[in-house]
Amino acid sequence: MNKEQLETNMAALKLLQSETNDKVRSYEQQIAELEKKIEDVNKPEITPMMIDNIHSAVEKAVEGFDFTNNDNYEFEFGMEYDGKVYVESVDLQCAYELTENIVDKVCNLFKEADCPEDEPTAEQINKTV
């Protein structure tokens, strides 16, 4: 083979490689979309308005929490060599209260559904008797 034929073969292989890479990227994108759909298949649907309502409820719950109450925090102090005292760390001690406040506000946006799968079946009741 001469130089021209080798360069032509190399150009053809580079073109095939480029086309293959495009196909691979397309397949990867399709796989990612399918993985997202599989992940979302059993999730309940929610409207954009409901998302806005949840956002608003969380915002109200956080705004309603008293972040200024020093009893909600535990401070750890440190001292420098020149005698200056500084706050080394601050821990929120009542995060559960904030969490409960948020959960209550969000749950008030929904009506609790009856779940028949949560109730024992006649077969399960007979086994325990």
Side-chain angles (χ1 to χ4, degrees):
M1 283 193 169
N2 64 24
K3 184 177 178 181
E4 272 183 35
Q5 290 174 331
L6 291 173
E7 287 175 349
T8 304
N9 287 346
M10 187 170 75
L13 286 173
K14 285 184 178 181
L15 181 62
L16 284 172
Q17 180 186 21
S18 174
E19 290 173 0
T20 304
N21 287 340
D22 290 343
K23 286 182 181 180
V24 167
R25 280 190 287 277
S26 173
Y27 293 149
E28 288 173 346
Q29 181 181 3
Q30 290 176 29
I31 289 170
E33 289 172 6
L34 288 173
E35 286 174 341
K36 177 69 173 148
K37 286 180 180 181
I38 289 170
E39 182 181 316
D40 291 346
V41 76
N42 290 327
K43 289 181 181 179
E45 292 183 358
I46 188 168
T47 64
M49 186 177 86
M50 201 62 201
I51 291 172
D52 290 342
N53 289 343
I54 291 171
H55 182 273
S56 177
V58 170
E59 195 172 67
K60 286 177 186 174
V62 171
E63 286 173 357
F65 186 76
D66 186 11
F67 286 99
T68 61
N69 183 355
N70 289 338
D71 293 335
N72 291 339
Y73 305 96
E74 184 177 294
F75 298 94
E76 191 171 314
F77 297 96
M79 186 174 286
E80 294 180 355
Y81 291 112
D82 60 357
K84 292 181 184 175
V85 177
Y86 64 94
V87 176
E88 198 165 284
S89 67
V90 178
D91 292 322
L92 181 63
Q93 293 299 303
C94 55
Y96 67 92
E97 289 179 18
L98 179 59
T99 302
E100 286 297 315
N101 200 4
I102 292 170
V103 169
D104 287 344
K105 295 284 186 191
V106 171
C107 286
N108 285 335
L109 297 172
F110 299 96
K111 178 180 85 172
E112 190 170 337
D114 294 328
C115 295
E117 63 268 5
D118 291 344
E119 297 174 9
T121 63
E123 184 178 306
Q124 291 171 333
I125 292 172
N126 290 337
K127 283 184 181 178
T128 58
V129 175

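What you see is a predicted model; the values in this text were computed from it and never measured.
Judged as a side chain to side chain donor-acceptor pair (under 3.5 Å), and not counting sequence neighbours, the contacts of Gln30 are Ser26. Applying the side-chain contact (heavy atoms from CB on, under 4.5 Å) rule to Thr68 yields the partners Asp66; only residues at least two apart in sequence or on another chain are considered. Scored by the side-chain contact (heavy atoms from CB on, under 4.5 Å) test, Tyr96 finds Cys94 as partners (sequence neighbours excluded). In terms of the side-chain contact (heavy atoms from CB on, under 4.5 Å) criterion, residue partners of Met79 (sequence neighbours excluded) are, by chain and number, Val85. Contacts of Ser89 classified as side chain to side chain donor-acceptor pair (under 3.5 Å), with partners at least two apart in sequence or in another chain: none. Contacts of Glu63 classified as salt bridge (charged side-chain N to carboxylate O under 4.0 Å, His left out), with partners at least two apart in sequence or in another chain: none. Checked against side-chain contact (heavy atoms from CB on, under 4.5 Å), Asp52 has no partners two or more places apart in sequence or in another chain.
Shown here is Phe77, whose CZ atom has more than 12 heavy atoms of other residues, nucleotides or ligands within 6.0 Å.
In this structure, the separation between CD on Glu7 and CG on Asn2 is 9.0 Å, given to the nearest 0.5 Å. Here CE of Met50 is found 10.5 Å from OG of Ser56. Values are rounded to the nearest 0.5 Å.
Note on residues 8-22: pairs passing side chain to side chain donor-acceptor pair (under 3.5 Å), not counting sequence neighbours, are Asp22-Arg25. Residue pairs meeting the salt bridge (Lys or Arg N to Asp or Glu O under 4.0 Å) criterion with at least one member in residues 78-92, sequence neighbours excluded: Asp82-Lys84. Evaluation of the salt bridge (Lys or Arg N to Asp or Glu O under 4.0 Å) test over residues 92-107, restricted to residues two or more places apart or in two chains, returns none. Applying the salt bridge (Lys or Arg N to Asp or Glu O under 4.0 Å) test to every pair with at least one member in residues 28-37, sequence neighbours left out, gives these pairs: Lys36-Asp40.
Hydrophobic clustering places Tyr73 together with Val87 (ILVMFWY residues linked when any side-chain heavy atoms are closer than 4.5 Å, directly or through intermediates). Residues Ile54 and Ile51 share a hydrophobic cluster, clusters being chains of Ile/Leu/Val/Met/Phe/Trp/Tyr side chains in contact below 4.5 Å.
Minimum interatomic distance between Ala61 and Leu98 (heavy atoms only, all atoms of both residues): O-CD1, 4.4 Å.
No option in Val58, Asn53, Asn101 other than Val58 meets the side-chain contact (heavy atoms from CB on, under 4.5 Å) test with Val106.
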